Amino acid sequence: MSAERKFFVGGNFKMNGNLESLTAIADRLNSSELDANVEVVIAPPACYLASLSSQLAQKENVNVSAENVHQAAKGAFTGEISCSMALDCGASYAILGHSERRHVFGETNKQIGEKTKATLAAGLVVIACIGEKGEDRKSGNTMVVCVEQLTAYKDNVEDWSKVVIAYEPVWAIGTGEVATPEIAQETHLNIRSWLSDNVSPEVAASVRIIYGGSVNGKNCKELASQPDIDGFLVGGASLKPEFVDIINCDC
Ligand code: PEP
């Protein structure tokens with residue numbers, strides 16, 4: 001965590017919940033005292049974006065994100081939503097390149113790059129996910145994979161103030177196997193150094209790099225104490241009351 005970069009906590013609900021349970025989560029956020037120095041973003045399934053964004057409209061510092069968007073403005077893409085549809089539903093962010101999009105739905109770096117361009121052009125902030133598989137880390141290729149993914153974003157970003165990088169090692173997502181603070185910090189620092197060398201030192205100093213992968217109410221404080229960890233992207237725990245504890249972990 002750094003004084004210059006606003007701490008960011010995102011909740012990725014994935015394909016979980018229903019109108020009743022997700023409304024209850026928004027109610028909890030509305031009625032909880034949240035650290036005013038933290039930017040909070042929740043990403044519900046697309047069909048609940050509009051109702052949750054209107055429910056949270058008056059809550060300062062809490063915004064809504066699409067879990068994914070398509071790069072085309074419109075057309076014959078059954079089951080997809082466009083950036084303007086996400087905006088219409090109250091979203092101001094979009095998660096791109098999540099490991100499930102990459103490894104379950106086969107999205108490529110090229111496609112994620114195209115989505116990045118379209119999403120930024122539409123005026124949404126991109127939560128740009130990257131991360132290596134367990135086998136990549138074991139073979140010493142963590143940064144090789146992360147740099148390929150970062151390059152696809154870089155080729156499509158002009159204004160880095162509209163990007164939050166989410167480092168999410170695939171082996172830590174939904175597994176309960178959180179990266180140690182040392183491993184996460186080391187990789188965040190490597191990502192920041194890459195940004196400094198390949199984008200600019202100013203961007204490297206200002207872009208938020210958040211960590212995702214089995215973050216919960218117990219492990220968040222120590223992770224947040226690392227100098228290059230600027231927040232979290234939270235999956236499973238964002239559906240639970242402890243999400244508020246994660247948001248407030250630095251209070
Ligand atoms: C995620 O899906 O982005 C994620 C980090 O999931 P979890 O917190 O459940 O590991």
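Counting starts at 1 for both ligands and their atoms, following the listed order. Computed from a prediction, not measured in an experiment: that's the story for all the values here.
For the ring-ring contact (aromatic ring centres under 6.0 Å, His included) test, residues two or more places apart in sequence or in another chain that qualify with Phe232 are Phe7.
Side chain to side chain, Tyr48 and Gln55 fail the donor-acceptor criterion of an N or O pair below 3.5 Å.
Taking the six-membered ring for Trp and thresholds of 30 and 60 degrees, His188 and Tyr167 have ring planes more than 60 degrees apart, a perpendicular arrangement.
In this structure, Asp155 does not pair ionically with Lys110, as no charged nitrogen and carboxylate oxygen lie closer than 4.0 Å.
Near ligand 1, heavy-atom contacts under 4.0 Å come from Asn12, Lys14, His98, Glu168, Ala172, Ile173, Gly174, Gly212, Gly213, Ser214, Leu233, Val234, Gly235, Gly236.
Sorted by first and then second residue, the salt bridge (charged side-chain N to carboxylate O under 4.0 Å, His left out) pairs involving residues 36-55 (not counting sequence neighbours) are Glu39-Arg208. Here salt bridge (charged side-chain N to carboxylate O under 4.0 Å, His left out) pairs that include residues 63-86, with residues two or more places apart or in two chains, number zero.
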